[in-house]
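Count residues from 1 along the sequence.
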Amino acid sequence: MRLEFFPFPFLIGVGILLILLIVLRCKKRSLPYLLFFSIFWMYLVILIGLTIFPIPILSIFRKPIWRKSIEHVFSQINLVPFRFGGLFSLHPNIIFQEIVGNILLTVPFGFGIIFIMPAMSKNIRWMAFVVGLVIETIQLLITIGLGVSYRSTDINDVILNALGVFIGYGLFRMFAWIFLKIKHRYGINPKGLFAFIDDIINQVSVHNHNMHKLN
């Protein structure tokens, strides 16, 4: 038996979002912020669903003799960057899923986190690796708890996830550049949702300018 992502874990994620939206609204957060927060939160929920679920919950009740030891679990961890083992001898679809898939997983994070926490732009370098580390750590802890082969722990996944975050942030910077070009060229005075986006871009510019001055 496995614990699937749908429906209960997914519904729990949605329920938490509704509570957070009420709290944020009470703190006078704008409607555009709540919109971007909701989109980003649901992305995180889906990310958890893709990287953590399904979980073979019946493995917890297996006899101890069937369970893998912690030593065995740690022996399966790959801490050597760019050592992919026999990955490239597998079907191209599997290679695509393992490499490109891990990159695409975190592209929305690099793009969307800025709309929620503009100051994160100055910490995007280390934050990119934190995302992958958190995912791999959760998978490792579940593997240890279950005592069975659940998900592999691989430093390459962390690197690929970090690359995805960098690509996402790069897309944000490109989006910001195009947004400002259009705004200045046509003398547009942004309002509503576009005013929120304009404010976010200006905050990021200030943070990056301050970082350059410190460096």
Side-chain angles (χ1 to χ4, degrees), residues 1-24 34-79 84-87 90-113 116-117 127-165 168:
M1 181 178 178
R2 304 186 305 178
L3 175 61
E4 300 289 346
F5 179 58
F6 292 102
F8 298 113
F10 174 76
L11 291 177
I12 290 173
V14 174
I16 294 174
L17 171 61
L18 295 177
I19 295 173
L20 290 175
L21 289 178
I22 294 174
V23 173
L24 290 171
L34 297 182
L35 172 63
F36 279 98
F37 182 88
S38 298
I39 295 173
F40 188 72
W41 179 270
M42 291 310 302
Y43 155 71
L44 292 179
V45 170
I46 298 299
L47 179 64
I48 291 173
L50 292 173
T51 57
I52 305 301
F53 292 88
I55 301 175
I57 56 176
L58 278 188
S59 299
I60 300 174
F61 305 104
R62 287 183 174 179
K63 295 180 180 180
I65 194 173
W66 292 2
R67 295 169 61 85
K68 304 293 184 181
S69 66
I70 294 180
E71 290 78 9
H72 176 81
V73 172
F74 279 105
S75 70
Q76 302 301 306
I77 298 175
N78 175 36
L79 296 177
F84 292 95
L87 174 63
L90 300 176
H91 192 278
N93 288 343
I94 298 178
I95 298 174
F96 180 88
Q97 180 179 348
E98 289 297 319
I99 296 181
V100 179
N102 271 305
I103 295 174
L104 294 178
L105 271 177
T106 52
V107 169
F109 187 97
F111 186 90
I113 188 64
I116 309 304
M117 303 172 63
M127 189 63 188
F129 289 95
V130 168
V131 174
L133 282 173
V134 169
I135 294 173
E136 292 298 302
T137 300
I138 294 174
Q139 291 177 347
L140 176 60
L141 292 176
I142 294 176
T143 299
I144 294 173
L146 296 177
V148 296
S149 297
Y150 161 66
R151 300 278 180 116
S152 62
T153 302
D154 196 327
I155 188 64
N156 291 311
D157 290 345
V158 177
I159 295 173
L160 294 173
N161 290 156
L163 178 59
V165 174

Next on the checklist: Students often mix this up, so state it plainly: with edges at 30° and 60°, are the rings of F109 and F40 parallel, tilted or perpendicular?
Outcome noted: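 Plane angle between 30° and 60°, so tilted.
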Next on the checklist: Angle between ring planes, W41 versus F37, binned at 30° and 60°: parallel, tilted or perpendicular?
Outcome noted: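 It falls in the parallel class, under 30°.
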Of all heavy-atom pairs between [X] and [Y], which one has the smallest distance, and what is that distance?
{"X": "E136", "Y": "V158", "answer": "CG-CG2, 3.6 Å"}
{"X": "I94", "Y": "L90", "answer": "CG2-CD1, 3.9 Å"}
{"X": "P54", "Y": "E4", "answer": "CB-OE1, 3.5 Å"}
{"X": "L21", "Y": "S38", "answer": "CD2-OG, 3.4 Å"}
{"X": "R151", "Y": "L50", "answer": "NH1-O, 3.5 Å"}
{"X": "F5", "Y": "I46", "answer": "CE2-CD1, 4.2 Å"}

Checklist entry - Is the count of non-hydrogen atoms from other residues, nucleotides or ligands lying under 6.0 Å from F8 atom CZ greater than 12? => result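 Counting neighbours around CZ of F8, 12 or fewer heavy atoms of other residues, nucleotides or ligands fall under 6.0 Å, so no.
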Item to check | Name of the residue among I12, L18, V14 meeting side chain to side chain contact (heavy atoms under 4.5 Å, CB included) with I16 | outcome: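 Only one of I12, L18, V14 forms a side chain to side chain contact (heavy atoms under 4.5 Å, CB included) with I16, namely I12.
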Checklist entry - Is there a donor-acceptor pair under 3.5 Å between the side chain of N78 and the backbone N or O of I155? => result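 No, the answer is negative, given that no donor and acceptor are paired below the 3.5 Å cut-off.
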Next on the checklist: Pair I52, Y150 - check side-chain contact (heavy atoms from CB on, under 4.5 Å), show working.
Outcome noted: CA-CA 9 Å; I52 305 301; Y150 161 66; 3.6 Å; yes
Item to check | Step-by-step side-chain contact (heavy atoms from CB on, under 4.5 Å) determination, T153 to V73 | outcome: CA-CA 9 Å; T153 302; V73 172; over 6 Å; no
Checklist entry - Going through the distances and angles, do I48 and I138 end up as a side-chain contact (heavy atoms from CB on, under 4.5 Å)? => result CA-CA 10 Å; I48 291 173; I138 294 174; over 6 Å; no
